[in-house]
Amino acid sequence: MDFKTVEAKWQKTWAKQKAFEPKTDAQAPKFFFTVPYPYVSGSLHVGHGRTYAVGDVFARYKRMAGFNVLWPMAFHITGTPVLAISSKIADGDKATVQMHEDYVSVYESDASKVKKIVQSFGKDPWNVVNYYSGKLVHDFSRMGFSLDLSRQFTTGDAEYNKFIEWQFHTYQKKGYLKQAAYPILYCVRDRNAVGEDDIKDGDSDPVSVQPFTGFKFAFEDGFLVSSTLRPDTVYGITNMFARPDATYAKIRADGQILYVAKEFVEKMKLQHHVVDVLEEIKGEAFLGKTCTTPLGKQVPILPGAFVNPDHASGFVHSVPAHAPFDYVALQDLKKDAKWKGLVEKIEPIAVISVPGYGNWPAKDVVQRMKIANLKEKAKLDKATAELYKKEYYEGTLLPINGEFAGMKAETAKDKMALWLKAKGAALDVYEASRPAQCRCGGQVVVAVLSDQWFLDFNAAGWKTAANQCLQRMDIHPATYRKQFEDVFAWLDKRPCARRRGLGTRLPFNRDWIVESLSDSTIYMAMYTIIKKIRELKLTPENLTPEFFDYVFTGQGKGTPQRDAVRAEFLYWYPNDQRHTAVAHLTNHLSFFIFAHAAVFRPEHWPHAITLNELVVAEGTKMSKSKGNVVSLNDIANNTGADLFRLYAISTADLAATLDFRAKDVEALRRRLYKLYTIWDEWSALSQDQKTPTPVVRWLQSKFASIAQKSTDAIERRALRDYAQAAFFEALNAAEHFGSRATPAEKAQAAALLLKPWIGLLCPLIPHACEEYWEKVEGEGLASTSAWPALPKEWRDEQSEAAEDFLMNTVSDVRTILPLVKKKPAKISLIVANAAKRKKMAELLKAETPDQLTGDSFMENFVRKRLYELKHTRPVDESAILRESRAYLQSVFGVPFEVLEEDKTDNPRKEKALPGKPAVFVE
RNA sequence: GGAGGGGUAGCAAAGCUUGGCCAAAUGUGCAGCGUUCAGGGCGCUGUCCCUUUGUGGGUUCGUGGGUUCAAAUCCCACCCCCUCCACCA
């Protein structure tokens with residue numbers, strides 16, 4: 001069977017028949033299922049594949065189980081990535097052009113067409129969106145996902161913008177939106193905020209905002225500003241460092257006189273300070289003078305060659321007990337005759353105690369790492385990182401720290417910064433975590449926006465409602481509920497709008513665009529109504545806040561049109577199940593719950609969240625830089641949708657990482673083809689209606705329990721268990737049956753079991769199932785058939801016990817054969833007599849093995865496996881063995897004879913035990 | 001530091017909720033046999049150690065204790081590993 005042909009065939013059929021578009025007027029109960037829409041910026045990979053495959057199994061099962069299922073999809077385009085692709089291509093960025101030519105050539109064979117398409121991306125970001133969104137649909141369809149494709153939209157559509165405007169109007173009304181100052185990365189040349197994509201090497205070497213505390217050291221008529229990440233060491237300051245060859249500026253900032261590096265002046269202006277430069281001063285001019293720490297202590301200003309004037313405020317105060325740089329710098333200065341005298345008077349001041357370190361941790365680290373001088377910058381950076389981390393998490397403040405004594409460094413850090421700021425002894429200073437350049441060539445610095453919009457999750461009542469929603473929800477795997485609770489507890493304020501990117505503008509402040517996670521929290525509601533909005537030809541102007549108020553909450557004035565739209569919403573909402581990857585838990589899924597709690601009535605809050613873990617390839621995490629990303633397209637072309645789905649579901653539990661290993665995939669392919677071999681064989685057999693023989697009854701019984709197990713497993717959301725039962729267990733049983741059964745028996749089995757088996761596997765491997773369904777049934781679709789339920793009466797423990805007995809016997813014979821060391825000509829099986837059975841029954845009455853004290857062959861045997869035997873159902877051993885002589889002969893290649901212990905004088909007859917015939921080899 | 005997850009045979013990975021049919025599924029690797037058989041594929045068998053003309057014994061599931069007639073599974077302590085800690089989609 002050529003999977004590509006078969007899969008394409010059924011994908012086409014499903015699309016043509018609109019098999020997965022639900023009816024709103026259906027009698028069946030509704031099931032509204034969603035998986036987050038994909039971001040439109042390139043191709044999909046196996047990670048998406050897993051999440052959607054899991055989703056598809058749920059959706060397909062529910063559909064077969066009688067629900068009217070809506071599983072729609074749409075596209076996320078908000079934010080900067082799409083813009084970045086477009087502008088990079090417009091700029092002729094070679095790597096980006098190459099990457100997208102690669103992507104596009106997956107779909108287009110004509111090389112000149114590929115170039116044309118990619119060039120069009122540079123002309124308009126919407127060309128990126130329009131092209132890739134079509135391809136995403138194509139990729140998903142090739143995996144057989146049963147999506148309703150008739151409700152597509154993007155987050156940049158006019159209707160969507162109106163919808164998000166309504167959401168933010170609602171937030172505004174409830175008081176959930178706040179404005180406050182906020183630091184961002186900023187390009188001085190573009191005069192705009194920059195994201196990872198705008199920064200050179202921003203993806204491989206990310207840049208972040210580092211918040212420093214600027215300490216004010218009284219100096220002459222003003223203050224020197226030093227910058228620190230460690231305000232908790234303020235009591236340990238021994239001196240100030242200035243760079244001799246740097247230029248500093250005396251400035252008037254916000255009404256006071258400050259001294260900072262000249263380079264810092266422009267940054268300071270961007271950080272929302274009003275600054276006038278009064279005078280420029282060389283660094284040398286400060287040296288040897290004194291200044292006063294925020295705590296009022298006089299300290300000298302010393303030369304610091306390591307001080308970078310282009311980093312923060314350009315002065316660095318010195319805490320030699322806890323900062324390796326400071327410690328080494330002072331050691332270096334001792335070698336300088338000019339400073340020796342002054343420096344030797346400086347003694348490091350310990351302010352934090354850290355387990356495993358002495359009084360001066362910086363000294364310990366420097367000595368251990370054998371750092372000789374300031375030139376060993378790499379080692380010093382490492383030492384600093386190690387010590388800072390250690391002190392931050394494990395450090396405790398010593399008594400010298402006044403009211404902060406005894407506090408953990410972690411807590412003290414923020415408290416001391418606040419305390420100093422409140423005293424007017426400190427200010428906020430921001431710097432980028434590393435020197436960085438924008439792609440335009442401009443320097444990346446930190447600017448402070450004075451009016452950043454935030455969502456305030458701690459606004460009155462919001463968190464309570466969100467927690468209520470969470471409590472009512474079903475979270476699977478259950479272990480993640482705790483994580484939600486934790487996340488909810490520490491969610492505070494979150495910036496929710498940006499200055500740039502695609503998306504929706506804030507209705508009451510159009511300079512701002514709603515940020516990409518904040519505009520994707522309640523869009524499931526949009527799925528329910530978008531079709532009706534289009535059908536009624538409602539224009540964006542119609543989609544006023546009043547319109548959505550009415551549609552979603554029933555408030556305000558209704559019109560026939562509004563009622564029609566509201567009816568759609570009321571039919572489908574709430575979202576019955578949302579499925580996605582665990583990575584979304586701390587952000588998207590949490591915001592999803594908060595947003596629902598904020599804008600919808602409790603009866604429309606979501607019901608369930610299911611999660612799956614990530615996908616790795618050949619044991620390692622996938623990443624673009626490693627070049628080991630497996631694209632969904634490769635899967636469709638090389639693996640096949642059915643095989644991938646089977647692999648993704650059966651290999652790892654939802655809570656476990658899925659390792660995509662080519663070798664294991666191929667091993668599974670062989671199993672899958674074995675299934676097809678059996679289905680081919682079965683479907684070719686003519687129907688046989690005779691009474692089922694024992695072996696057939698055994699298989700029926702097996703399948704009845706497999707069907708039950710499968711259903712229970714999916715209902716429990718244990719998809720791996722479902723796959724194990726419906727695929728592996730069933731296949732093993734069928735294989736075993738195949739080795740035991742006659743053609744007539746196979747025909748019986750086929751007539752009874754083939755169709756239900758196809759049904760059971762349809763959510764998992766839908767393409768193959770449709771193919772065989774067509775062969776067997778001839779009409780309709782497996783995908784829309786009813787979920788199979790096999791009669792309970794098929795369960796037949798007696799048949800299963802009989803088969804178990806036979807297999808145990810086979811296994812015993814196999815153990816014995818090598819021991820007899822001769823080529824067997826004939827094998828006799830001797831069945832134990834009635835007296836032994838009676839005795840055995842007596843022995844089995846024992847509660848525990850140690851109640852059996854005898855030393856007979858039987859008693860030893862029973863003692864060893866008392867509990868096992870208690871659960872073994874007695875069977876008619878002679879009859880079973882006699883019926884199976886042909887089978888036994890086929891396994892061992894010699895004739896079998898079945899004897900009764902009482903009717904034979906076979907030398908081994910004493911060894912016969914109930915359930916365990918004696919074996920005699922001749 | 002906080003939160004979460006995990007340590008099982010050469011490797012990968014089930015089992016642990018509900019203790020006993022667990023020397024422990026399955027796949028892979030390795031070995032043998034078979035196959036109208038070069039290889040591959042397919043089928044069967046074996047793969048902790050010892051023992052064996054008869055279906056046996058011993059020691060295992062990170063380490064150490066405990067509960068129990070019985071522990072990979074329950075309890076306690078310890079060691080080690082991984083992930084996340086945000087404003088990025």
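Both backbone and side-chain heavy atoms feed into the values below; hydrogens, waters and symmetry mates do not. The chains referred to below are lettered A, B, ... by the order of the sequence lines, with proteins before strands, and numbering in each begins at 1.
Electrostatic pairing of K413(A) and E391(A) does not count as a salt bridge here, judged by no charged N lying under 4.0 Å from a carboxylate O.
Residue I352(A) contributes atom CD1, which lies 16 Å from atom P of G1(B) at whole-angstrom precision. To the nearest angstrom, C1' of U55(B) lies 16 Å from CE of M858(A).
For the side-chain contact (heavy atoms from CB on, under 4.5 Å) test, residues two or more places apart in sequence or in another chain that qualify with A409(A) are D232(A), I352(A), L397(A). For the ring-ring contact (aromatic ring centres under 6.0 Å, His included) test, no residue two or more places apart in sequence or in another chain qualifies with Y392(A). Under the side-chain hydrogen bond (donor to acceptor under 3.5 Å, both in side chains) criterion, E681(A) pairs with K746(A), not counting sequence neighbours. Residues satisfying the side-chain hydrogen bond (donor to acceptor under 3.5 Å, both in side chains) criterion with K178(A), sequence neighbours excluded, are D456(A).
Checking the phosphate oxygens (OP1, OP2) of U55(B), no side-chain nitrogen or oxygen of R908(A) falls inside 4.0 Å. Regarding contacts with the backbone of G29(B), a side-chain N or O of K663(A) is found under 4.0 angstrom from either OP1 or OP2. Residue S516(A) places at least one side-chain N or O under 4.0 Å from the OP1 or OP2 atom of A89(B).
At the heavy-atom level, N587(A) lies under 4.0 Å from base atoms of the strands shown. No contact: L614(A) has no heavy atom under 4.0 Å from any strand. If you check every strand for non-hydrogen atoms under 4.0 Å, D812(A) touches a base. Residue contacts for H76(A): at a heavy-atom cut-off of 4.0 Å it reaches the sugar-phosphate backbone alone, with no base atom in range. The residue R498(A) sits close only to the backbone: its heavy atoms come under 4.0 Å of sugar-phosphate atoms, none of a base.
Taking the side chain of R661(A) as heavy atoms from C-beta on, and the options A89(B), A14(B), A12(B), the nearest nucleotide is A12(B).
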Acceptor/donor pairs from residues 483-490 of chain A side chains to any protein atom, 3.5 angstrom cut, sequence neighbours excluded:
{"unit_1": "D486(A)", "atom_1": "OD1", "unit_2": "K482(A)", "atom_2": "NZ", "d": "3.1"}
{"unit_1": "W490(A)", "atom_1": "NE1", "unit_2": "D486(A)", "atom_2": "O", "d": "3.3"}

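Comparing Q724(A) and Y182(A) along RNA chain B, the residue whose closest nucleotide (by nearest heavy atom) sits nearer the 5' end is Q724(A).
For Q889(A), the CD atom counts as densely surrounded, since its 6.0 Å shell holds more than 12 non-hydrogen atoms of other residues, nucleotides or ligands.
For RNA chain B, if you chain together Watson-Crick or G-U pairs that step i with j, i+1 with j-1 and so on, the runs of at least three with distances under 3.5 Å are B:1-7 with B:79-85, B:10-12 with B:26-28, B:29-35 with B:41-47, B:48-50 with B:56-58, B:62-66 with B:74-78.
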